[in-house]
Amino acid sequence: MNLSMLNPQQQAAVRHTEGPLLLLAGAGSGKTRVITSRIAYLVGERGVPPEQILAVTFTNKASREMHERVIEQIGRKRAKGMVVATFHSMCVRILKEDIERLGYKKNFSIYATADQARLVRDILQSLNVDGKKFDADRILWAISDAKNRLVPPDQFVVRYQDEYEYLAAEVYPRYQKSLKAFNAVDFDDIIMLAVRLLKDFPEVREKFQQRFRYLMVDEYQDTNAAQYLLLRLLAENHRNLCVVGDDDQSIYGWRGADLGNILDFEKDFPGAEVIRLEQNYRSTGNILAAANAVIKNNKKRKDKALWTSGDQGRQIEYLRCEDGEDEARLVMERIHAERFKGNLNYSDFAVLYRTNVQSRAFEEQFRYENIPYVLIGGQQFFDRKEVKDAVAYLRVLVNPRDEVNLLRILNYPKRGIGETSADRLIRHSAELNRPLWEVLADPSGVVELGDKATEAVASFVALMERYRKAFVRTRQLSHTVRELYAEIKLEDEIYRGADDPAKARRRVDNLEEVVNSMASYEERDEKPSLAGFLEKVSLLDQDQPNRDSKEKKLQQDAVILMSLHSSKGLEFPVVFMVGMEEEYLPHKKSINETFDIEEERRLCYVGITRAQRHLLLLGAASRKKYGKLQPRVPSRFLQEIPAALLQEQTSEGRPPASEEEQEVMASNFFSNMRAMLGD
């Protein structure tokens, strides 16, 4: 295998195949190339069977890219059997084989956030707690945090003396009991239950240790306690664990990531080899010098410094604006000027901010100037109501004990089973301690149900049973799904309940997109099944919407507006980091010691290292708060960048535009006027 395209440190990482290995991969250092080359080297040079290799990533996009790049190197046939998966999809594999040992059935459902929230609200109602007064998502956050720390319901301890923590202590045991009764798991359970299987059942642990003898983990700095223990259990026998990460880019502590996992790797795995990948292939020397100068102020980190063999590039600009509106206007002007000077596309520019509320001024300015832009974020496809309604039918067909989704579709579209009838059915189910589906199949014992409701229930059960058999027999899943939606008249229901026909049409289009998604799945999968499709839907990245995905948005020729957290892993020729002020970056929560100030510095480092050619830092002298201008203090991180790297200007004192820039701005002005007048 030819490794000449790799630098010496990358080659050493590829050739180190036995025993624990920590790759400290700085931003833009080519880590994906190293991981894929290492897999190809194991198969091609060391003769390792591909089915003994497991590579774990955090996103489906990363796993697809990694898998495709390995195939490019060794061919599809030689790569067959290799597993490149996210943590969740890998753990679903484990659960599918052995979850029955934990008292679940193999056809378990995976609850997404909306399903979880609905279940929590139902539990609050049973506790006589006003669900409108308390935010179900905050209770779920506390439960999720406990699960990520592998804390079961009976060991949950209130840590913050907060009313939501006390509510979580009440809800968590009931929530978990309900999930199991519905033969369902949530995303945190997927990993927690996999850890339980490996920990409590030695034969299961040994089976997967033998199956996966070579483990590689990307973005190791983002792992939490549950993911750490999972990897440790899988690797404790052969110890062939290679982790790749950058402690300087650990920015997800707020959602459970434990920086100590990467900092303590050598202690946790004695004899581990450590290789630093410090050569950067992305940014200019000045940008890297600024990033190094900022991040070296953190105490909890591994010593390293990015460098490049390329040129030093332009100075970093710091633009001090009058207020938030001036900041947006200045970004707009610079985009026009940089496009003219560098012959750049709109998609070569990114505006990065600490909080999503900062996007408003830029959106308004760009609309006024007819600058195309895309906003990364928003509601993902499979979380939209009409989509969740449609998918709920499929979930119940696979798992009738999934009562959250069963109740969602029981009278949708309306079929004569109103709230009163549903309440009687639910109470009867609880009194007899029988699954609701069994009560629906035989509602004769339900007092005062009424003939009309009884007939509607029987019709609903017959419909579902008929389609369950149809999905077992059919080889055309998408065709059968379309027939189901047509028979229950989902489209008619959407139009019937809509005030805006255009909005209803978009919702109907989303319904059709569910069928399209199923058809695409059928084309890709060798043995498509309804359960397999739902598993794919459940394991979609939480930050990767389907139709309006981040990936598709980034392919448009438009300026990117996104948070610093969302920007991780991306790169742009020109980056504007806005809101470089105290209480924005670092965020006021970190200043008040609720968050870690070092994590805020790492977030700043991530933002700086997104820039390839030019970096512009912007801050305002004052901003409006509750309608009144208040003075702002420049970010402390600005002071950590050497003055020699910065070219500082105020909006009033910036150099006048050149003749060429004035010509471009005039042209843009007249173009905008023509657009406004409809010419």
Side-chain angles (χ1 to χ4, degrees), residues 1-7 10-11 13-14 17 23 25 27-93 211-212 214-220 222 242-245 277 281-282 347 381 516-517 519-528 532-533 535-547 549-556 568-572:
M1 180 177 174
N2 186 6
L3 302 180
S4 61
M5 297 297 290
L6 305 179
N7 66 41
Q10 292 173 331
Q11 290 183 27
V14 169
T17 58
L23 291 182
S29 62
K31 64 176 178 129
T32 304
R33 175 189 289 183
V34 173
I35 298 172
T36 54
S37 295
R38 192 170 185 272
I39 294 172
Y41 187 81
L42 282 168
V43 175
E45 300 296 323
R46 296 295 187 186
V48 174
E51 59 269 19
Q52 291 186 359
I53 297 173
L54 169 64
V56 185
T57 68
F58 273 86
T59 67
N60 288 318
K61 179 177 180 289
S63 68
R64 285 194 303 270
E65 180 184 349
M66 195 176 294
H67 195 266
E68 288 166 3
R69 288 175 69 167
V70 171
I71 289 173
E72 286 176 8
Q73 293 189 60
I74 62 175
R76 189 173 300 276
K77 187 175 181 180
R78 296 182 75 187
K80 190 175 182 180
M82 173 190 66
V83 177
V84 181
T86 63
F87 272 99
H88 286 97
S89 59
M90 184 261 288
C91 287
V92 165
R93 288 171 177 258
R211 183 178 302 177
F212 302 126
Y214 292 86
L215 274 66
M216 273 162 279
V217 185
D218 193 15
E219 304 287 5
Y220 187 66
D222 294 335
C242 168
V243 301
V244 186
L277 304 181
Y281 296 93
R282 174 189 297 159
S347 56
F381 179 75
N516 294 340
S517 177
S520 297
Y521 160 74
E522 286 181 278
E523 292 174 3
R524 292 191 307 267
D525 202 281
E526 293 180 5
K527 296 180 179 179
F533 172 71
E535 182 182 312
K536 296 290 185 186
V537 169
S538 296
L539 292 176
L540 284 172
D541 298 338
Q542 295 299 288
D543 61 344
Q544 294 287 331
N546 187 351
R547 184 166 183 163
S549 72
K550 180 176 174 180
E551 195 173 343
K552 287 185 178 179
K553 286 182 176 181
L554 291 170
Q555 293 171 359
Q556 300 178 35
K568 187 168 174 286
L570 302 175
E571 56 188 43
F572 305 92

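- A 4.5 Å side-chain heavy-atom check between P528 and F533 finds every atom pair outside the cut-off.
- The two residues Q11 and L3 have their closest heavy-atom pair at NE2-O, 3.2 Å.
- Residues F87 and V217 have side chains in contact (heavy-atom distance under 4.5 Å, counting atoms from C-beta outward).
- Using modelled atom types and a 3.5 Å distance limit, the side chains of N7 and Y281 yield a donor-acceptor pair.
- Annotation: side chain of E535 is not in contact with side chain of S538 (no heavy-atom distance under 4.5 Å).
- For the side chain to side chain donor-acceptor pair (under 3.5 Å) condition, the pairs that include at least one residue of residues 27-45, sequence neighbours left out, are K31-D218, K31-E219, T36-Q73.
- With values rounded to the nearest 0.5 angstrom, I71 atom CD1 is found 13.0 Å from M66 atom CE.
- Residues Q10 and M5 have side chains not in contact (no heavy-atom distance under 4.5 Å, counting atoms from C-beta outward).
- In R93, the CZ atom is not crowded: 12 or fewer heavy atoms of neighbouring residues, nucleotides or ligands sit closer than 6.0 Å.
- Two residues are said to be in side-chain contact when any heavy atoms from C-beta on lie closer than 4.5 Å; F58 and D222 meet this criterion.
- Remark: Y214 pairs with no residue by the ring-ring contact (aromatic ring centres under 6.0 Å, His included) rule, at least two apart or across chains.
- With contacts defined as side-chain heavy-atom distances shorter than 4.5 Å, the pair V244/M216 does not qualify.
- Considering all non-hydrogen atoms of both residues, K527 and Y521 come closest at O-OH, 4.2 Å.
- In this structure, P50 and A79 approach most closely via the heavy-atom pair CB-O, 4.1 Å.
- Contact check for V56 versus L215: no side-chain heavy atoms found under the 4.5 Å cut-off.
- Every side-chain contact (heavy atoms from CB on, under 4.5 Å) that H88 has, sequence neighbours left out, goes to T86, F187, I190, I191, L539.
- Looking only at side-chain heavy atoms (C-beta outward), L23 and C242 come within less than 4.5 Å of each other.
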